2 protein chains.
Amino acid sequence: MTSSNRQFKDSLYEQLARIGKALASPIRLELLDVLSQGPRTVESIANEVNQSVANTSQHLQILRSARVIESERNGVNIIYRLADQEVLGLCGVLRRVGEARLLEVRQVTEAFLRERGALERTDNETLLERVRRGEVTVLDVRPTDEFLAGHIPGAISVPLSELEQKMADLPPDREIVAYCRGPLCVMSIEAVNRLNEKGYQATRWEEGVADWVARGFAIQTGAV
Amino acid sequence: MTSSNRQFKDSLYEQLARIGKALASPIRLELLDVLSQGPRTVESIANEVNQSVANTSQHLQILRSARVIESERNGVNIIYRLADQEVLGLCGVLRRVGEARLLEVRQVTEAFLRERGALERTDNETLLERVRRGEVTVLDVRPTDEFLAGHIPGAISVPLSELEQKMADLPPDREIVAYCRGPLCVMSIEAVNRLNEKGYQATRWEEGVADWVARGFAIQTGAV
DNA sequence: CTTATATTCAATTATTTAATTGAATGCTTG
DNA sequence: CAAGCATTCAATTAAATAATTGAATATAAG
């Protein structure tokens, strides 16, 4: 290979490695997951991931420098968001490769689900078909701002913290499917457990909005 | 969030970051690109990326530890290969995010193509359709072992080094489309330039076999 | 203009990563 | 069994990365 081709390759991979480096930190991967649910402020993100605001901010600078997130000022707050759907896809692929290839990921995940009584696999694909056909009542049990940022069309927003109050409004003889942020989020596990305790017929759809989008389906923003 | 949820998240992202760290090095990204064309020995890879065998081997250990590549011994040689298609997809998504989001990637790439007289964009999608309909003669100008590892069905293997000898066998009045490893490989550029100089009507399809696979199309292995 | 709040920056320290070099290991051949 | 070849390992050195802490900056409110 000529030396100018060599130089070109070196430059190109140096640049692409910026994205790899952005993904090389556990904290930054969590930041990206948090942002995949919708835009947030630094303080809110820092609380979610249990890190100092300064440390969170530094990691956000690295992600922004790699152009995988963007920011805009809103008064004293800075709102961060994922740069685009392709970045969302990148996070999804990395997680799927991790789940498929790293035994440790599966071990950690199964321990997590077993502790919460959610290890039993439902038929996720059949459930998805029934959701799409409108055969079940779909609950989004994430916080309201994440629902507003984007949700499965037809889903009802019932944040976990409001489930007790709103449970009585749910049709008692219609099957319920609850989802939240994704396979590793406990909200839908908790919601399904509570609903079934009260005699509802609830099932957890273990994916999240990002997975729905990755499947090519449209989402709804705003209140409906 | 309860402390056991926090611990779970910390463990999970620690594990997923192993893959991010694997991708955080320019050399390892190039190794993955090289392996996306087919399995190779350490020495052959080291030559391709212009690194020492020891350094190449160390990076390969990191990639293997992250489970994105696999190895098998073949006498004194060790053959390395990508772990599966999902890893191929991960590399593809990372490159697309880089190309879409990092101005520097586009700058480096355009300079590279301009220097080689290949900056003019052809309509890649129309070309693909014509390839799929069998309307053109398709040449794979990569080395033979990469052709054997996997190629577009119906493509003829004409490694760049053999183009002069084999050119006379090509139908003179049928349009030719040449491809190689991907947008940043010079073989198809060189091949198209030479063919057009000799009066053939040749166009470059700038993607590679990995992109063909990412589009969901089947590839052919072996000699046909 | 001053104070409060949110966020970023800079310096420091500790840890991790990367390239080099020479030794060690595994397989093949004579 | 010894020599050759391919590959990996280990130690060393230098560079890069990460968390903490305190200072600096930007915006809003009184």
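In this text, all values refer to a predicted model and were calculated from it rather than measured experimentally. Quick note on labels: first sequence line is chain A, next is B, and so on, each numbered from 1.
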Taking every heavy atom of A:Val53 against every heavy atom of A:Glu43, the minimum-distance pair comes out as CG2-CA, 4.5 Å
Residues in side chain to side chain donor-acceptor pair (under 3.5 Å) with B:Asn50, at least two apart? none
Mind checking side chain to side chain donor-acceptor pair (under 3.5 Å) for B:Arg28 and listing every partner two or more places apart, or none if nothing turns up? B:His59
B:Asn47 meets the side chain to side chain donor-acceptor pair (under 3.5 Å) criterion, sequence neighbours left out, with none
With sequence neighbours excluded, give me every salt bridge (Lys or Arg N to Asp or Glu O under 4.0 Å) pair touching residues 90-103 of chain A. A:Arg95-A:Glu99, A:Arg95-A:Asp211, A:Arg96-B:Glu86, A:Arg101-B:Glu70, A:Arg101-B:Asp84
Between A:Glu14 (CD) and C:dA18 (P), how many Å, whole number? 12 Å
Can you confirm whether more than 12 heavy atoms, excluding those of B:Arg18, are under 6.0 Å from its CZ atom? yes
Could you pull out all residues at least two apart from A:Pro143 that satisfy side-chain contact (heavy atoms from CB on, under 4.5 Å)? A:Asp145, A:Glu146, A:Arg181, A:Met187
What is the 5' to 3' range of DNA chain D, first to last nucleotide, that sits under 4.0 Å from any heavy atom of chain A? D:dT17 to D:dA28
Determine, step by step, whether B:Glu162 and B:Arg194 satisfy the salt bridge (charged side-chain N to carboxylate O under 4.0 Å, His left out) criterion, reporting the C-alpha distance in whole Å, the side-chain angles of both residues, the deciding distance to 0.1 Å, and the verdict. CA-CA 12 Å; B:Glu162 303 172 24; B:Arg194 290 191 201 170; over 6 Å; no
For residues 204-224 of chain B, which residue pairs pass the ring-ring contact (aromatic ring centres under 6.0 Å, His included) check, not counting sequence neighbours? B:Trp212-B:Phe217
Rounded interatomic separation in angstrom, taking CD from A:Glu72 and P from C:dT8: 13 Å
When rounded to the nearest 0.5 angstrom, what distance separates CZ in A:Arg106 from CG in A:Leu113? 13.0 Å
Please enumerate all protein N or O atoms sitting under 3.5 Å from an N or O of nucleotides 24-30 of chain C, with distances to 0.1 Å.
none

Give the intermediate values and the outcome of side chain to side chain contact (heavy atoms under 4.5 Å, CB included) for residues B:Leu63 and B:Leu31. CA-CA 9 Å; B:Leu63 291 173; B:Leu31 295 181; 4.0 Å; yes
Interface with DNA chain C, restricted to residues 53-63 of chain B and to heavy atoms under 4.0 Å: B:Ala54, B:Asn55, B:Gln58, B:His59, B:Ile62
Could you list the residues that satisfy side chain to side chain donor-acceptor pair (under 3.5 Å) with A:Ser44, not counting sequence neighbours? A:Arg40
Can you tell me which residue pairs pass the ring-ring contact (aromatic ring centres under 6.0 Å, His included) test with a partner in residues 138-169 of chain B, sequence neighbours excluded? B:Phe147-B:His151
Using a 4.0 Å cut-off on heavy atoms, which residues in residues 19-28 of chain A reach DNA chain D? List them by number, or say none. A:Lys21, A:Ser25, A:Ile27, A:Arg28
